[in-house]
Q: 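Before anything else, here's the structure in question.
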Amino acid sequence: EKGCFKAANVPPEEFGISSAAKDIPTAPYCYHKFQRSVSQLIQEGYPKDVVEGLPTTSTRGQEDTEEGRSRDTFADESDPSGTVNKSMRMIDVTEHYIRLDVDDDGVAELLKVVTAGSSEVMLGEPEEIDRMPFHSITPYPMPHRFFGRSVADLVIEVQRIKTHLLRQLLDNASLLNNQRIAVGSQGADENTLDDLLTNRPGGIVRMKDVGQLREIPNQPLGAYVMPMIEYIDQTREARTGISRNVGGIDPDVLNKAASTATGFQGLLDQSMMRIKLIARIFAETGIKELFLHIHELCRKHQDEAKVARLR
């Protein structure tokens with residue numbers, strides 16, 4: 001009886017756009033692929049005989065894509081209820097938004113076409129619409145490209161380097177606790193190698209000549225690796241703007257006599273500059289376009305005149 005607008009997040013694995021697109025409003029084609037139950041499709045007005053003849057979706061959450069597999073970490077997208085409750089069978093539905101010249105006037109119109117099932121059976125007739133119903137945000141836009149970069153894109157290389165350094169440090173600690181052993185062949189018997197391979201605290205090694213047994217020394221790497229890890233952490237902070245000082249107050253900063261409230265605020269301002277930049281990019285791009293779209297929908301479909309009292 002009373003209409004309203006609805007905004008919903010679209011998982012990235014359910015959305016696709018033409019590779020030639022620079023943004024959504026001017027894109028020649030984009031789509032939204034999702035799942036709906038048989039009951040929901042019939043409630044939305046699609047023919048019952050067509051809907052009931054559609055095949056059940058083979059996957060949920062789009063696990064057949066790289067994005068879907070990376071997000072489905074617990075394999076919690078399976079839905080066995082469709083085998084028992086036929087009305088709740090999940091069907092693949094795709095909303096296509098495409099520009100086509102359907103009236104031969106030389107100008108392409110924006111159409112919404114809904115298809116379902118693996119064979120893409122058309123549900124209903126194509127519908128001409130005013131604009132794409134999607135808006136996107138990205139923290140780091142790339143010129144002349146629809147897809148921008150995320151914070152992970154900036155620091156994934158840094159994280160891999162840090163992982164490699166930590167692994168080397170842990171391997172070095174293991175070698176220091178379990179030194180490699182050099183064994184002279186003249187001082188070993190048939191039990192020596194077996195005893196050495198059985199590494200346990202207080203273990204006994206049987207030998208003919210103890211002088212033929214010595215440890216191969218390993219150089220501790222902690223003094224060299226830890227400064228490298230600190231450098232990598234500083235690189236990550238510089239790229240992301242997320243500083244360790246933002247999470248809490250550094251005691252060293254407060255204990256220094258030269259530290260003042262103004263100086264500490266300047267430290268926070270520097271660490272927050274990049275985060276403020278991301279927030280402004282969000283506000284001036286996708287969020288602004290979203291609210292302009294909401295305003296447009298309210299003006300087009302309002303069921304009564306709106307009066308605003310200014311004073």
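FYI, side chains are in, hydrogens and waters are out, and symmetry mates aren't considered; it's all heavy atoms of this structure. Only a predicted model underlies this, so the values are computations on that prediction, with no experimental measurement involved.
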Q: Rounded to the nearest 0.5 Å, what's the gap from CD1 on Ile98 to CE on Met132? Could you check?
A: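 Reported to 0.5 Å precision, the distance equals 9.0 Å.
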Q: Which residue pairs pass the side chain to side chain donor-acceptor pair (under 3.5 Å) test with at least one member in residues 40-49, sequence neighbours excluded?
A: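 Passing the test, one end in residues 40-49: Ser37-Gln40.
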Q: Do Tyr97 and Ile129 make a side-chain contact, defined as non-hydrogen atoms from C-beta onward lying under 4.5 Å apart?
A: yes
Q: So, using side-chain hydrogen bond (donor to acceptor under 3.5 Å, both in side chains) as the criterion, who are the partners of Arg149 when residues are at least two apart?
A: none
Q: Suppose the criterion is ring-ring contact (aromatic ring centres under 6.0 Å, His included): which pairs have a residue in residues 288-311, not counting sequence neighbours?
A: His135-His293
Q: How long is the span from the CD1 atom in Ile24 to the CD atom in Glu289, to the nearest 0.5 Å?
A: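 So the CD1 of Ile24 and the CD of Glu289 are separated by 8.0 Å.
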Q: Counting only heavy atoms not in Glu125 (residues, nucleotides, ligands), do more than 12 fall under 6.0 Å from its CD?
A: no
Q: So Pro126 and Val102, do their side chains get closer than 4.5 Å, heavy atoms only?
A: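 Of all side-chain heavy-atom pairs linking Pro126 with Val102, none is under 4.5 Å.
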Q: Under 3.5 Å, which donor-acceptor pairs do the side chains of residues 157-167 form with other protein atoms, sequence neighbours left out?
A:
unit_1 : atom_1 : unit_2 : atom_2 : d
Lys162 : NZ     : Asp233 : OD1    : 2.9
Thr163 : OG1    : Gln159 : O      : 2.8

Q: What closest approach, in Å, do Thr138 and Gly148 show between heavy atoms, and which atom pair accounts for it?
A: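 So the two residues come closest at OG1-CA, 3.5 Å.
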Q: Treating Ile, Leu, Val, Met, Phe, Trp and Tyr as nodes and any side-chain heavy-atom pair under 4.5 angstrom as an edge, say whether Met228 and Met226 lie in one connected cluster.
A: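 In one cluster: yes.
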Q: When hydrophobic residues are tied together by side-chain contacts of less than 4.5 Å, even through go-betweens, does Leu100 share a cluster with Tyr31?
A: yes
Q: How about CZ on Phe5, more than 12 heavy atoms from neighbouring residues, nucleotides or ligands closer than 6.0 Å, or not?
A: no
Q: Linking I/L/V/M/F/W/Y whenever any side-chain heavy atoms sit under 4.5 Å apart, do Phe34 and Ile42 land together?
A: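 They do share one cluster, since a chain of ILVMFWY contacts under 4.5 Å joins Phe34 to Ile42.
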Q: Could you give all pairs that pass the side chain to side chain donor-acceptor pair (under 3.5 Å) test and reach residues 19-29, with sequence neighbours left out?
A: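 Residue pairs passing side chain to side chain donor-acceptor pair (under 3.5 Å), neighbours aside: Asp23-Thr26, Tyr29-His96.
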Q: Quick check: does any side chain N or O of Asn191 sit under 3.5 Å from a backbone N or O of Arg206, one acting as donor and the other as acceptor?
A: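 Between the backbone of Arg206 and the side chain of Asn191 there is no qualifying donor-acceptor contact (under 3.5 Å).
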Q: For the residue pair Leu169 and Gly222, what are the closest heavy atoms and their distance?
A: CD1-CA, 3.7 Å
Q: Do Met88 and Val38 make a side-chain contact, defined as non-hydrogen atoms from C-beta onward lying under 4.5 Å apart?
A: no
Q: Could you grab the distance from atom CD1 of Ile137 to atom CD of Glu284, nearest 0.5 Å is fine?
A: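 That separation rounds to 13.5 Å.
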Q: Got a second to check how far Tyr140's OH is from Ile281's CD1, nearest 0.5 Å?
A: 8.0 Å
Q: To the nearest 0.5 Å, what is the distance between CD (Gln168) and CG (Leu175)?
A: 10.0 Å
Q: Given side chains that start at C-beta, do those of Phe147 and Ile17 come closer than 4.5 Å, heavy atoms only?
A: yes
Q: Could you check whether atom CZ of Arg131 has more than 12 heavy atoms from other residues, nucleotides or ligands sitting under 6.0 Å from it?
A: yes
Q: Rounded to the nearest 0.5 Å, how far does CG of Leu193 lie from CE of Met207?
A: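 The CG atom of Leu193 is 9.0 Å from CE of Met207, to the nearest 0.5 Å.
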Q: For a side chain to side chain donor-acceptor pair (under 3.5 Å) with Glu14, tell me which candidate from Gln35, His32, Lys33 qualifies.
A: His32
Q: Taking atom OH as the centre, does Tyr231 end up with more than 12 heavy-atom neighbours from other residues, nucleotides or ligands that are less than 6.0 angstrom away?
A: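 At most 12 heavy atoms, drawn from other residues, nucleotides or ligands, come within 6.0 Å of this atom.
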Q: Determine, using the 4.5 Å side-chain heavy-atom cutoff (strictly less than), whether Ile278 and Ile275 are members of one ILVMFWY cluster.
A: no
Q: Any side-chain heavy atom of Asp130 within less than 4.5 Å of one from Lys300?
A: yes
Q: So if you build clusters from Ile, Leu, Val, Met, Phe, Trp, Tyr with side-chain heavy-atom gaps below 4.5 Å, do Ile229 and Leu221 land together?
A: yes
Q: Return the set of residues passing ring-ring contact (aromatic ring centres under 6.0 Å, His included) with Phe15 (not counting sequence neighbours), or none when no residue passes.
A: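 Applying ring-ring contact (aromatic ring centres under 6.0 Å, His included) to Phe15 gives Phe134.
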Q: Under 3.5 Å, is there a donor-acceptor pair between the Asp195 and Thr192 side chains?
A: no
Q: With a 3.5 Å distance limit and no angle check, can you tell me whether Asn172 reaches the backbone of Gln219 through a side-chain donor-acceptor pair?
A: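 Flag set: sc Asn172 to bb Gln219 pair under 3.5 Å.
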Q: Any idea which heavy atoms bring Ala116 and Leu54 closest together, and the distance?
A: CB-CD1, 3.5 Å
